[in-house]
Amino acid sequence: MSAVRPDPAVLAALHATAFDAPWTAEALADLLDQSGVLALTRPDGFILIRIVADEAEVLTLAVKPGARGRGVGRGLTLEAAAVAAAHGVARLFLEVAEDNAPARALYGRVGFAAVGRRPRYYARRAALPVDALLLSLNLPAPLPIG
């Protein structure tokens with residue numbers, strides 16, 4: 001993770017390659033300005049997490065279509081979990097669309113488990129909304145110091 005704040009316009013352009021309803025540079029800038037929000041970036045992807053007390057949430061994970069299936073998303077997710085654990089986080093949460101099989105498989109391989117459902121959470125163009133699955137990953141306790 002870099003100490004340099006990523007350029008929201010660069011993140012927005014990458015997000016636009018990954019999602020039908022991408023986030024704007026302004027929305028990403030607003031998130032990056034919030035306390036507890038961290039960005040981990042790679043040339044082909046990024047992940048945003050928000051840490052609050054001993055919990056964290058994946059706000060978004062975006063990987064360019066041409067880089068999918070090459071471990072970018074898995075690497076970003078594992079690094080985000082490690083960073084969260086280093087900040088004292090006990091559980092990492094995220095929402096994923098029920099119909100997003102590749103993302104669900106990625107999160108399952110990392111160790112996330114379904115803990116809830118948000119009915120009709122994701123809007124779809126010319127289709128019915130899709131439920132979100134709420135996933136959770138228990139993180140290892142940080143080692144005691146001293």
Side-chain angles (χ1 to χ4, degrees), residues 1-2 5-142:
M1 180 176 79
S2 170
R5 181 179 189 245
D7 181 346
V10 171
L11 297 184
L14 198 154
H15 205 264
T17 69
F19 292 97
D20 289 340
W23 294 357
T24 65
E26 294 78 18
L28 287 160
D30 288 344
L31 281 171
L32 292 168
D33 288 341
Q34 293 178 16
S35 176
V37 174
L38 303 174
L40 304 169
T41 63
R42 302 280 180 282
D44 291 329
F46 73 94
I47 190 168
L48 290 181
I49 63 171
R50 179 184 0 239
I51 297 172
V52 178
D54 67 342
E55 293 185 343
E57 174 186 13
V58 173
L59 300 172
T60 192
L61 169 63
V63 175
K64 290 180 181 177
R68 292 179 184 163
R70 296 183 183 162
V72 175
R74 184 175 186 276
L76 285 165
T77 303
L78 289 171
E79 185 177 351
V83 168
H87 280 83
V89 169
R91 289 197 319 167
L92 181 60
F93 292 94
L94 61 86
E95 286 128 356
V96 63
E98 186 175 39
D99 64 353
N100 189 342
R104 289 179 59 193
L106 178 145
Y107 296 130
R109 284 191 303 275
V110 171
F112 281 87
V115 294
R117 176 182 298 272
R118 299 188 196 286
R120 299 172 304 284
Y121 187 80
Y122 290 104
R124 294 289 191 245
R125 288 187 214 167
L128 295 174
V130 175
D131 290 357
L133 299 178
L134 179 60
L135 306 182
S136 174
L137 175 68
N138 291 326
L139 300 178

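- For the atom pair CG of L28 and CG of D33, the computed distance is 11.0 Å after rounding to the nearest 0.5 Å.
- Side-chain N or O atoms of N138 include none that pairs as donor or acceptor with a backbone N or O of R91 at under 3.5 Å.
- Once rounded to the nearest 0.5 Å, the distance linking CG of L106 with CG of L76 reads 9.5 Å.
- Among all heavy-atom pairs drawn from R104 and A97, the shortest one is CD-O, 3.8 Å.
- Nearest heavy atom pair, residue A85 against residue L139, reads N-CD1, 3.9 Å.
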Let me check something: any side-chain donor-acceptor pairs from residues 9-23 under 3.5 Å, sequence neighbours excluded? List them with distances.
| from | atom 1 | to | atom 2 | distance (Å) |
| --- | --- | --- | --- | --- |
| H15 | ND1 | W23 | N | 3.1 |
| H15 | NE2 | T60 | OG1 | 2.9 |
| T17 | OG1 | L14 | O | 2.6 |

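- Pairing each heavy atom of L135 with each of A114, the nearest pair is CD2-CA, 3.5 Å.
- Once rounded to the nearest 0.5 Å, the distance linking OH of Y122 with CG of D99 reads 10.0 Å.
- The two atoms that bring E57 and L92 nearest to each other are N-CD1, 4.1 Å, heavy atoms only.
- Within a 6.0 Å radius of CZ in R124, more than 12 heavy atoms belonging to other residues, nucleotides or ligands are found.
- Minimum interatomic distance between P43 and K64 (heavy atoms only, all atoms of both residues): O-NZ, 3.6 Å.
- Between the side chain of R74 and the backbone N or O of V110, no donor-acceptor pair lies under 3.5 Å.
- Note that OH of Y121 and CG of D131 are 12.0 Å apart. Values are rounded to the nearest 0.5 Å.
- When side chains are defined from C-beta on, I49 counts as touching V58, because their heavy atoms get closer than 4.5 Å.
- F112 is not listed as a side-chain neighbour of V96, based on a closest heavy-atom distance of 4.5 Å or more.
- Once rounded to the nearest 0.5 Å, the distance linking OH of Y107 with CG of L94 reads 5.0 Å.
- Shown here for R50 and Q34, the closest heavy-atom pair between the two residues is NH1-OE1, 2.5 Å.
- Atom CG of D44 sits about 11.0 Å away from atom CZ of R68, to the nearest 0.5 Å.
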